[in-house]
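A quick write-up on the structure given underneath.
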2 protein chains.
Amino acid sequence: MILKNQNEWALHCCSVLSWVPPERYLSTKALAEFHDVPKEYLSKALQALSQAGIVEGTLGPSGGYRLARKPSDITFLDIVEAIEGKGSTFACTEIRKNNPCRTAKHCDNKPCAVARVMWEADAAWRNTLRGVRLSDLAKTLKETVPADLLEKTGAWVVDRT
Amino acid sequence: MILKNQNEWALHCCSVLSWVPPERYLSTKALAEFHDVPKEYLSKALQALSQAGIVEGTLGPSGGYRLARKPSDITFLDIVEAIEGKGSTFACTEIRKNNPCRTAKHCDNKPCAVARVMWEADAAWRNTLRGVRLSDLAKTLKETVPADLLEKTGAWVVDRT
DNA sequence: CTTCCCACGGATATAAAATATCCTTAAATT
DNA sequence: AATTTAAGGATATTTTATATCCGTGGGAAG
């Protein structure tokens with residue numbers, strides 16, 4: 001099991017989009033060029049983000065995407081679930097029902113004990129992602145990325161909006 | 001991203017194997033029949049568990065598998081990692097290095113901030129799985145599965161060893 | 001009003017991974 | 001000697017991920 005690479009793309013794109021000035025947009029083309037990923041495919045990820053209400057797009061020249069909410073209102077989970085879906089990473093097929101010793105009167109009032117644990121782990125994963133916001137990421141970047149690179153990057157983005 | 005169905009199979013198989021009396025074995029055939037899953041493919045999962053040292057197998061008639069350790073010494077994580085691997089569910093492709101504003105002298109002393117969060121979430125997932133042992137599962141089953149079914153199942157297993 | 005740039009979405013192609021089956025080998029039991 | 005079984009290699013099938021292509025229509029600018 002490995003997450004789709006679109007998760008990585010989407011997360012980095014949202015990070016970049018935090019640089020976009022209010023009322024302006026950054027195009028898919030610019031985002032694809034910035035990350036050196038195929039534009040058409042990246043477009044699918046951005047569409048998913050758009051449908052999830054995380055970013056909003058507009059058409060025409062000077063069109064593109066921008067964040068639909070403040071960075072402090074967007075969590076990693078929002079982004080990952082937009083790409084990966086909200087369903088659990090563990091799919092219980094109710095294998096326990098195949099137990100040959102079961103009879104018709106053995107109904108299942110409780111969910112499968114194995115699945116419960118797996119779902120709990122899934123919830124722990126999601127809780128961690130829910131606990132980190134885009135604004136937290138920006139703060140971390142400010143602390144770890146060289147100031148000149150950060151500044152140049154911001155200028156690069158603004159220049160393309 | 002969805003976990004392989006072999007995880008479910010492996011977990012349930014280990015649960016069943018806790019019924020096996022000392023010095024005896026339960027065959028792949030019996031486990032496949034019990035769960036109604038394809039024997040040949042289940043065999044691959046059991047081989048993975050064997051290689052991970054969670055179960056041990058022996059050949060010949062009356063051969064099969066048994067737990068290699070006490071149920072209290074086997075965690076959900078042990079089993080899931082035997083099937084799914086120990087690698088993180090998030091693969092960082094260092095997309096940040098494609099930032100066109102970067103120059104040669106911009107080295108990365110810190111890991112990618114996005115990846116760090118994703119890895120943290122992965123660790124939370126694993127920690128939850130590490131916190132549950134096969135013995136805990138047995139306890140839960142004792143509390144939630146009808147006593148007669150539990151007993152019949154135990155007898156079914158012992159009968160096949 | 002015309003032209004161009006863009007998001008959006010459908011259709012399709014390709015690559016990779018998961019799922020599944022088949023078969024051979026060698027070890028243990030009877 | 002015959003049978004049962006794990007182990008593991010090879011291969012086939014199905015599903016998912018990755019990627020590309022193209023048509024539509026909205027919006028900006030000349």
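Below, chain A is the first sequence line, B the second, and so on; all start at residue 1.
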Test: [X] and [Y] ion pair at under 4.0 Å:
X	Y	result
R160(A)	E33(A)	yes
R102(A)	D148(B)	no
R96(B)	D108(B)	yes
D78(B)	R130(B)	no
R126(A)	E81(A)	yes

For the side chain of [X], starting at C-beta, report the closest nucleotide among [options].
X	options	answer
K44(B)	dA28(C), dA7(C), dA10(D)	dA10(D)
Q47(B)	dA7(D), dA20(C), dT29(C)	dA7(D)
E40(A)	dC21(D), dT29(C), dC22(C)	dC21(D)
P61(B)	dG8(D), dT3(D), dA7(D)	dT3(D)

Report task. Strictly below 4.0 Å, heavy-atom distances to any atom of DNA chain C: list the hits from residues 1-17 of chain B, or just say none. Result -> K4(B), N5(B), W9(B)

Requested in this report: Take the C1' atoms of the five end pairs on each side of the helix from dC1(C)-dG30(D) to dT30(C)-dA1(D), derive the two axes, and give their angle rounded to 10 degrees.
Outcome: 10°

Query raised in the report: Is atom NZ of K152(B) surrounded by more than 12 heavy atoms (other residues, nucleotides or ligands) closer than 6.0 Å?
Result: yes

**Report entry** Neighbour count above 12 (heavy atom, 6.0 Å) for E151(B) CD
**Finding:**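 It does not: E151(B) CD has 12 such atoms or fewer within range.
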
Query raised in the report: Just by distance, with hydrogens left out, do H106(A) and T103(A) show a side-chain donor and acceptor under 3.5 Å apart?
Result: yes

Query raised in the report: Where do A10(A) and L49(A) come nearest, in terms of heavy atoms and distance?
Result: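 So the minimum-distance heavy-atom pair works out to CB-CD1, 3.9 Å.
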
Just N and O in the side chain of [X]: are any of them under 4.0 Å from OP1 or OP2 of [N]?
X	N	answer
Y41(B)	dT19(C)	yes
T58(A)	dG26(D)	no
S50(B)	dA7(D)	yes

Query raised in the report: Checking all strands, does T28(A) fall into the base, sugar-phosphate, or nothing category for heavy-atom contacts under 4.0 angstrom?
Result: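 The residue T28(A) makes sugar-phosphate contact but no base contact.
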
